[in-house]
Amino acid sequence: MNYKDTLHLPKTDFPMKADLVTREPERLKIWEEQGLYGQIQDTRKDAPLFVLHDGPPFANGDVHMGTALNKVLKDLIVKSKTMAGFRAPFVPGWDCHGLPIEFKVVKESRGLSPVEVRRKSEEYARKFIDIQRGQFKRLGVFGTWADPYLTLAHGYEAEIIRAFAKFVEKGLVYQSKKPVYWSTGAQTALAEAEVEYADRTDPAIYVKFPLVTGDLAGKANMVIWTTTPWTLPANVAIAVSAKQEYVLVTLGRDGWAEDFFVARPLLESFTREAELQVYGEVATVTGEQLAGLEAQHPFLDRKSRIITADFVTMDSGTGQVHVAPGHGADDYIAGKQHGLPILSPVDDAGKLTEEAGMPAWTGKYVFDANADVVAHLRSIKALLGEQKYLHSYPHCWRSKTPVVFRAVEQFFIKIDALRADALKAIDGVTWLPHWGRNRIYGTVESRPDWCISRQRTWGVPLPVFYDASGQPILDAALARKVADLVDQHGTNLWFEKNDAEWAQMLGLPAGTTRRSDTLDVWIDSGVSHTAVTAKRPELGGSPIADVYIEATDQHRGWFQSSLMTSIALYGQAPYKSVITHGFVVDKDSRKKVSKSEQGTYAKPMNAEHFVGKYGADIVRLWASSVDYQNEVPFSEESFKGLTDAYRSFRNILRILLANLFDFDSAQHAVEFRPLGETGGVAAWTRGPSGEAIRGTIIDRWVLSRLQEVTETCRKAYAEYDFRKVFQTLNQFVTVDISALYVDITKDRLYCDAANSPRRRVTQTVMARVLDSLARLLAPILVFTADEAWQFAGRKTSVHLEQFPEPDAVLRDTALEAQMEQLLGLRGKIGQAVEGARAEKLIGNALEGAVTLQIADQSLYDQLNGREAELEELFILSDLTIAVGGENSARVIRTTRQKCARCWRHRKDVGARPAHPELCERCADVVEDVAKKTVVS
RNA sequence: GGGCGUGUAGCUCAGUUGGUUAGAGCAUGCGCUUGAUAAGCGCAGGGUCGCAGGUUCGAAUCCUGCCACGCCCA
């Protein structure tokens with residue numbers, strides 16, 4: 001007879017195949033229709049507020065795995081905080097202005113007017129905002145997607161200008177002609193964060209400067225070393241090291257010889273590299289003694305003054321440094337100290353101007369002019385040596401052209417006025433990982449004044465007017481008036497109206513002009529604490545957020561720009577804690593995945609590719625499984641491994657659901673109760689009849705483990721340690737639930753009478769595990785957890801729920817320890833069974849008769865007489881236990897008969913004459929089933 | 001070149017104040033099951049814990065140096 005029909009086999013419609021790629025969008029649509037995000041906020045209306053403030057991604061390019069990691073991590077925080085009982089709104093944003101967009105637009109169509117460039121740039125930004133928004137939503141990220149914050153919104157732009165007004169009011173803004181990083185490719189000043197270093201070969205030359213004052217006038221020469229010959233037209237001084245010894249030596253070659261000053265430590269390397277002979281030493285002086293003398297510029301009618309400076313090192317060169325205050329930061333400072341002129345005879349495109357004083361070079365790109373300068377120096381016999389010099393040199397991150405230092409009129413924010421407060425504020429912030437504190441501290445400690453003006457079109461205009469004489473009017477009230485107009489009309493107004501119209505609108509005298517400079521985009525995103533955090537009612541009205549989380553490069557970027565502006569505006573940091581994550585890098589090349597490299601990868605790196613191939617839940621599982629605090633190596637291979645982890649989660653949810661097919665918790669659930677005096681062990685009482693049933697070891701153990709897992713996960717979520725959540729749940733699911741609990745309880749679930757107490761106990765435990773698992777997984781597997789929740793018969797989304805609370809009554813550490821021992825014994829049995837199998841004694845373990853020898857007397861005493869429970873626990877038919885020796889197991893073939901229904905080999909098979917093939921338990925069940933069938 | 005950080009099995013990661021034979025999941029191999037079945041279970045192989053010294057009865061863990069990689073700075 002076939003008894004299969006009398007079993008309670010698992011049954012569910014929850015599909016084994018996830019098919020996330022088609023199913024996720026359907027669920028997404030339902031969530032949207034229900035307004036799930038709004039519902040979540042409603043359920044948390046009165047809960048304590050937790051604000052994660054979104055750092056705005058740039059509105060350019062597709063969402064790649066790096067962006068996806070960032071956004072998913074944010075979502076994991078927001079969702080886990082929500083489920084921990086907070087009201088955690090998420091307002092996503094985009095950084096919309098800036099060079100990369102303008103660059104693309106200008107490249108596409110040349111010769112556009114500023115107004116047209118801005119219109120196209122906005123179009124471009126909005127296009128990518130839509131693309132990215134779609135991709136972020138598809139990843140299951142919840143937030144106010146219909147109403148994000150955009151730095152190009154009129155209201156936001158107005159706040160930027162108001163912030164500027166405040167800076168002006170506090171006397172933080174000044175204008176100065178100062179050397180800045182200048183991109184000749186993009187024709188603008190660059191922020192430090194926009195500069196990247198790359199190798200480059202330049203001519204390194206030694207240049208003669210004859211002394212023209214002092215005793216040695218006409219008799220001795222200075223000699224400098226430089227790798228930027230094109231800056232020589234701007235030379236106004238030569239710096240020496242005050243305390244350093246300089247030796248006057250006679251140098252020459254091929255019959256020619258002259259006297260030169262050279263720093264003693266560099267004499268050897270200089271003469272070797274310049275291939276000069278040392279004919280004799282004439283005198284020795286210190287740098288201080290040289291100071292004040294003047295040398296003749298090699299090709300211009302100008303004197304170059306000898307000065308002392310700290311930045312002169314003995315690393316390379318001659319110990320005499322060519323100083324061009326218009327072309328270097330150190331040079332500028334030295335120039336200021338000594339009252340030297342600031343020359344910068346280079347135009348926006350990096351071409352030498354007439355001011356350079358060399359008509360033949362006018363219009364030459366500076367890096368091309370190098371060769372002309374060298375040739376000219378050689379022809380006038382001022383060149384003492386030349387080499388090719390490979391060095392790491394700053395380049396523009398956008399145009400990839402080498403950067404020049406160029407002095408232009410720019411506006412700056414005085415960092416010195418903010419530095420002390422900023423450093424103090426840094427120590428009031430929690431940095432995660434903790435070394436982030438040092439990172440930003442060092443950056444803030446050493447950063448120079450903030451150059452906030454840009455010669456670009458796609459940005460917020462610098463709200464400064466110039467009087468008839470061309471002097472800037474730095475006036476907060478005026479800037480605020482501009483802000484009010486911008487609030488209504490947007491910043492396009494600045495470009496659409498002319499000077500006269502602006503003067504009229506603001507009541508300024510005729511002849512007042514304005515310029516086309518825009519503000520550094522780091523100001524845009526840097527004031528989001530004011531334009532968003534403080535302004536959005538749902539975010540609580542304070543500019544201070546609970547947490548910022550971005551990639552590590554933002555220590556120099558957004559974390560810092562936000563900090564400095566916040567210090568200027570409020571005197572405090574805009575965040576309570578800052579978390580950083582590493583970059584996603586290609587596993588093989590170790591190359592960072594970034595937008596500017598997009599399209600250059602051999603392998604796909606777009607989030608869309610992986611979402612479309614595997615599903616968002618897999619991408620999220622990936623994000624939760626990696627060590628995000630470090631660099632995150634990424635390959636499709638390792639990504640595939642996660643699909644297996646996903647499957648184990650899904651299959652567990654499925655088998656739990658399936659085993660609960662005839663379980664109605666209101667009707668069948670048993671109660672958990674402490675056992676009282678016998679200890680913390682839990683027992684159960686059945687509802688209606690009230691008889692006490694003690695759960696078996698495995699039930700009580702799983703419940704205990706569930707409490708531990710719950711506690712661990714809650715704590716890990718609170719510490720943003722998602723990897724730990726992943727590991728913990730993964731192991732719980734694969735080992736404790738799948739390999740142990742589900743496997744062990746199959747017999748009772750399938751074969752016991754439907755209402756058998758131990759069957760209902762098991763289902764009660766499984767229901768509890770399912771419930772906890774779905775909640776604990778919900779922030780990570782947003783779609784799958786919700787799907788399981790729905791199949792568990794819940795009418796609303798799991799995302800409206802809270803995390804389970806660990807129940808101390810159900811925790812039983814003594815039992816856990818005992819289980820540890822039992823699992824050790826289980827291992828011994830497993831090995832013995834394998835052995836017996838290899839010898840063809842048995843096929844499967846149920847055919848074996850196992851004798852288990854237990855070394856520990858007290859364990860044996862506890863187990864003796866509980867063979868039936870142990871047979872179930874070890875999934876055996878025939879177990880005998882003995883004590884002594886060491887833990888071991890022996891297996892022979894059992895002599896017991898196999899029950900045709902439960903397939904176990906039992907002593908009592910055939911005890912019921914009516915059912916000769918069955919064990920008693922199965923006979924009872926079958927008879928009961930038969931009766932019922934007759935009745936109905 | 002300087003600062004910060006990282007380096008444990010093919011992959012993703014655990015390794016408590018130093019303490020038995022360094023663990024888990026996945027992957028691999030070999031079996032079992034066919035009543036979770038495009039599933040489930042078991043067993044096995046796989047690591048000189050980046051390298052070299054040192055402290056210690058004992059080091060993946062503490063110290064020093066080096067190597068590789070990353071970020072930041074020059």
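These numbers come from the heavy atoms of this one structure, side chains and all, not from hydrogens, waters or symmetry mates.
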Aromatic ring proximity, centroids under 6.0 angstrom, A:Tyr548 and A:Trp558: yes
Under 3.5 Å on both distances, the Watson-Crick or G-U partner of B:rU37: none
Atom C1', compared across B:rA22 and B:rG46: separation rounded to whole Å: 14 Å
Minimum-distance nucleotide to A:Trp435 side chain [options: B:rC26, B:rC4, B:rG31]: B:rC4
Same-atom distance (C1') from B:rU17 to B:rU64, integer angstrom: 23 Å
Side chain of A:Asp644 (C-beta onward), nearest among B:rC26, B:rC71, B:rG5: B:rC26
P-based separation of B:rC67 from B:rC13 [nearest Å]: 27 Å
Aromatic plane relationship, A:Phe14 with A:Phe791 - under 30° parallel, 30 to 60° tilted, over 60° perpendicular: perpendicular
Most 5' of A:Gly436 and A:Ala845 on RNA chain B, judged by nearest nucleotide: A:Gly436
Any donor-acceptor pair under 3.5 Å from A:Arg893 side chain to A:Gly848 backbone: no
Sugar-phosphate only, base, or nothing, as touched by A:Asn659 at under 4.0 Å among non-hydrogen atoms: nothing
Contact letters for nucleotides 33-40 of chain B, in which S counts primed atoms plus P, OP1 and OP2 and B counts the base, heavy atoms under 4.0 Å: SSBBS-SS
Nearest-angstrom distance from the residue atom OH of A:Tyr628 to P of B:rC71: 20 Å
Close side-chain approach of A:Leu7 to A:Cys751, heavy-atom, < 4.5 Å: yes
Distance, P atom - from B:rA68 to B:rG29, rounded to whole angstrom: 37 Å
B:rG18 to B:rC57 separation - C1' atoms, rounded to the nearest Å: 12 Å
Watson-Crick or G-U counterpart of B:rG42, or none if no pair lies under 3.5 Å: B:rC30
Value in whole Å for how far the P atom of B:rU12 lies from CZ of A:Arg620: 22 Å
Between A:Thr6 and A:Arg901: side-chain donor-acceptor atoms closer than 3.5 Å: yes
Interatomic distance where CZ belongs to A:Arg837 and C1' belongs to B:rC43 [whole Å]: 8 Å
Which residues share a salt bridge (charged side-chain N to carboxylate O under 4.0 Å, His left out) with A:Glu871, sequence neighbours left out: A:Arg896, A:Arg906
A:Gln731 and A:Asp736 side chains, donor-acceptor separation under 3.5 Å: no
A:Phe583 CZ to B:rC72 C1', straight-line distance once rounded to whole Å: 10 Å
For atom CG of A:Asp736 and atom C1' of B:rC41, their distance in whole Å: 15 Å
Base partner of B:rC69, which must satisfy Watson-Crick or wobble distances under 3.5 Å: B:rG5
Contact under 4.0 Å: A:Gln831 side-chain N or O vs B:rA44 OP1/OP2: yes
A:Thr228 and A:His327 side chains, donor-acceptor separation under 3.5 Å: no
Whole-Å gap separating C1' (B:rG3) and CZ (A:Arg437): 13 Å
Euclidean distance for P, B:rA44 against B:rC51 (whole angstrom): 27 Å
P atoms of B:rC32 and B:rC49, separation to the nearest Å: 37 Å
Sole candidate of A:Phe634, A:Tyr614, A:Phe722, A:Tyr646 that passes ring-ring contact (aromatic ring centres under 6.0 Å, His included) when paired with A:Trp622: A:Phe634
Contact nearer the 5' end of RNA chain B, comparing A:Glu834 with A:Lys840: A:Lys840
For atom CG of A:Asn730 and atom P of B:rC11, their distance in whole Å: 18 Å
Same-atom distance (C1') from B:rU56 to B:rC69, integer angstrom: 32 Å
Spacing between A:His581 atom NE2 and B:rU6 atom P, to the nearest angstrom: 18 Å
Base-pairing assignment for B:rA59 (Watson-Crick or G-U wobble, both under 3.5 Å): none
Watson-Crick or G-U wobble partner of B:rU12, both distances under 3.5 Å: B:rA24
